[in-house]
Student: 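Please find one structure pasted underneath; my questions will follow.
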Amino acid sequence: MTYTGDVTKGGPADVREIPGLTISKIEVGDFGNNAYLLRCAETGDGLLVDAAAEPDRLLELIGDMPISSIVTTHRHPDHWGALEDVARATGAQTVAHPLDAPELPVTVTREVEHGDRVTVGVVTLDVIHLRGHTPGSIALLYQDRHLFTGDSLFPGGVGNTQKDPARFEQLFTDVVERIFDRLPDETWVYPGHGRDTTLGAERPHLPEWKARGW
């Protein structure tokens, strides 16, 4: 089966095999949240992006193989509803940006800043700080081709900034400078809700986003 990134609540994970990494995407909770299990092909170690909800389903997805880290992309409760339970069950370290970490229901094991790296097995992911949706929102980037954006970038626009012009300007600037100006059109975007996209599909619409202010 070809990976599409289209998942539904209660439905199966969509699984993608890429060099060095297996990506499993699942939808959980009442707000259409995506959670992503990344597993190192060489070592079997795993990393979970956003323990959003339904801890039993997330633990079923993880299975009997270990995960060493749970990364929370930002402080909003729909992205960490299962964090405490999954962290307790797996013993995984918890990772977040220091500006959002105090809002999480666990003591964050590792705080990460823009430019830091997170590892899963022998695989390295780059941390990109995207300010605006929340002060400490982060994205994770693998090999300049696979980008996990939380709620900072979606098909059709950047994340919600509550119609605050300053917050929108900050998020739009970060997304342009730290993502679109740096990465190629082929880069696949895995957002915190809904369907996936690519930078190439979104790039032509940047002027429209800036003009509308959201």
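Values below: all heavy atoms of this structure, side chains included; hydrogens, waters and symmetry mates excluded. Start at 1 with the first residue, then count along the sequence.
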Student: Taking all atoms of both residues into account, what is the closest heavy-atom pair of Val118 and Val71, and its distance?
Tutor: CG1-CG2, 4.4 Å

Student: Within the side chain of Arg39, is there an N or O that forms a donor-acceptor pair under 3.5 Å with the backbone of Pro66?
Tutor: yes

Student: Please determine whether salt bridge (charged side-chain N to carboxylate O under 4.0 Å, His left out) holds for the pair Lys25 and Asp14, giving the CA-CA distance in whole Å, both sets of side-chain angles, and the decisive distance to 0.1 Å.
Tutor: CA-CA 5 Å; Lys25 176 182 181 179; Asp14 199 3; over 6 Å; no

Student: Within the distance-only criterion (no hydrogens, no angle test), does the side chain of Asp116 pair as donor or acceptor with the backbone N or O of Glu113 below 3.5 angstrom?
Tutor: yes

Student: Determine whether Leu206 and Phe172 make a side-chain contact, defined as any pair of heavy atoms from C-beta on separated by less than 4.5 Å.
Tutor: yes

Student: With a 4.5 Å heavy-atom cut-off, do Leu130 and Ile138 have their side chains touching?
Tutor: no

Student: Between Asp126 and Arg178, does any NZ, NE, NH1 or NH2 come within less than 4.0 Å of an OD or OE carboxylate oxygen?
Tutor: no

Student: Does the side-chain contact (heavy atoms from CB on, under 4.5 Å) test come out yes or no for Ile18 and His146, once each step is laid out?
Tutor: CA-CA 10 Å; Ile18 59 176; His146 301 274; 3.5 Å; yes

Student: Verify, without hydrogens or angle tests, whether Thr149 (side chain) and Ser152 (backbone) share a donor-acceptor contact under 3.5 angstrom.
Tutor: no

Student: Could you measure the distance from the CG atom of Leu153 to the CG atom of Leu147? Nearest 0.5 Å is fine.
Tutor: 7.0 Å

Student: Mark yes or no for whether Lys9, through its side chain, and Glu27, through its backbone, hold a donor-acceptor pair below 3.5 Å.
Tutor: no

Student: For the side chain of Glu42 and the backbone of Gly20, is there at least one donor-acceptor N/O pair under 3.5 Å apart?
Tutor: no

Student: Taking all heavy atoms of Pro98 and all of Glu111, pick out the closest pair and write down the distance.
Tutor: CB-OE1, 3.2 Å

Student: So if you build clusters from Ile, Leu, Val, Met, Phe, Trp, Tyr with side-chain heavy-atom gaps below 4.5 Å, do Leu58 and Ile23 land together?
Tutor: no

Student: How about CD on Glu60, more than 12 heavy atoms from neighbouring residues, nucleotides or ligands closer than 6.0 Å, or not?
Tutor: no

Student: Would a single hydrophobic cluster contain both Val175 and Val189, if residues Ile, Leu, Val, Met, Phe, Trp and Tyr are joined by side-chain heavy-atom contacts under 4.5 Å?
Tutor: yes

Student: Show your reasoning for whether side-chain contact (heavy atoms from CB on, under 4.5 Å) applies to Ile26 and Val7.
Tutor: CA-CA 6 Å; Ile26 192 171; Val7 292; 5.8 Å; no

Student: Would you say Leu37 and Val86 are hydrophobically clustered, going by side-chain heavy atoms of ILVMFWY under 4.5 Å?
Tutor: yes

Student: Treating Thr72 as the side-chain partner and His74 as the backbone partner, does any N or O pair qualify as donor plus acceptor under 3.5 Å?
Tutor: no

Student: Under 3.5 Å, is there a donor-acceptor pair between the side chain of Trp80 and the main chain of Arg75?
Tutor: yes

Student: Where do Thr198 and Glu186 land on the side-chain contact (heavy atoms from CB on, under 4.5 Å) test, with the steps shown first?
Tutor: CA-CA 6 Å; Thr198 64; Glu186 294 76 22; over 6 Å; no

Student: Tell me, with the steps shown, if Val123 and Tyr142 meet side-chain contact (heavy atoms from CB on, under 4.5 Å).
Tutor: CA-CA 8 Å; Val123 167; Tyr142 176 57; 3.3 Å; yes

Student: Nearest 0.5 Å, please: how far is CG in Asn34 from CG in Asp50?
Tutor: 9.0 Å

Student: Nearest 0.5 angstrom please: Glu177 CD to Ile128 CD1, how far?
Tutor: 12.5 Å

Student: Within the structure provided, determine whether Ile70 and Thr90 are in side-chain contact (heavy-atom separation under 4.5 Å).
Tutor: yes

Student: Give me the ring orientation class for Phe180 and Trp209: parallel if the planes are under 30° apart, tilted from 30 to 60°, perpendicular past 60°.
Tutor: perpendicular

Student: Can you give me the closest heavy-atom contact between Asp151 and Gly192, atom names plus distance?
Tutor: OD1-CA, 3.7 Å

Student: Please say whether more than 12 non-hydrogen atoms of neighbouring residues, nucleotides or ligands are located less than 6.0 Å from CZ in Arg117.
Tutor: no

Student: Looking at CD1 of Ile67 and CG of Asp45, how far apart are the two atoms once the value is rounded to the nearest 0.5 Å?
Tutor: 8.5 Å

Student: Give the cluster check for Val120 versus Leu59: same hydrophobic cluster or not, with ILVMFWY residues linked at side-chain heavy-atom distances below 4.5 Å.
Tutor: no

Student: Got a donor-acceptor contact below 3.5 angstrom from the Thr161 side chain to the Arg167 backbone?
Tutor: no

Student: Measuring from atom CG of Leu47 to atom SG of Cys40, what distance do you get when rounded to the nearest 0.5 angstrom?
Tutor: 11.0 Å

Student: Any chance the side chains of Arg16 and Tyr36 put a donor and an acceptor closer than 3.5 Å?
Tutor: no

Student: How close do Ser137 and Asp100 get, heavy atom to heavy atom, and via which atoms?
Tutor: N-OD2, 3.8 Å

Student: Taking Gly121's backbone N and O only, do any of them form a donor-acceptor pair with Thr119's side chain (distance below 3.5 Å, no angle check)?
Tutor: no

Student: Looking only at atom types and distance, does a side-chain atom of His114 sit under 3.5 Å from a main-chain N or O of His129, one as donor and one as acceptor?
Tutor: yes

Student: Looking at every heavy atom in both Asp144 and Leu141, which two are closest together, and how far apart are they?
Tutor: OD1-CD2, 3.3 Å

Student: In this structure, which one of Val95, Val127, Thr73 forms a side chain to side chain contact (heavy atoms under 4.5 Å, CB included) with Leu140?
Tutor: Val127

Student: Nearest 0.5 Å, what's the NE2-CZ distance between His193 and Phe31?
Tutor: 9.0 Å

Student: Do other residues, nucleotides or ligands put more than 12 heavy atoms under 6.0 Å from the CZ atom of Arg145?
Tutor: yes

Student: Would Lys210 and Glu169 count as a salt bridge (charged side-chain N to carboxylate O under 4.0 Å, His left out) here? Give the steps.
Tutor: CA-CA 8 Å; Lys210 185 172 178 60; Glu169 183 63 28; 3.4 Å; yes

Student: Which heavy-atom pair separates Val15 from Thr22 by the least distance, and what is that distance?
Tutor: CG1-CG2, 3.6 Å

Student: So, do Glu202 and Pro155 sit near enough that their side-chain heavy atoms are less than 4.5 Å apart?
Tutor: yes

Student: Can you hop from Leu125 to Trp188 via hydrophobic side chains spaced under 4.5 Å?
Tutor: yes

Student: For His133 together with His76, are the ring centres under 6.0 Å from each other?
Tutor: yes

Student: Run the side chain to side chain donor-acceptor pair (under 3.5 Å) test on Asp196 and Tyr3 for me, step by step, so that the C-alpha distance in whole Å, both residues' side-chain angles and the decisive distance to 0.1 Å come before the verdict.
Tutor: CA-CA 10 Å; Asp196 299 356; Tyr3 176 85; 2.6 Å; yes

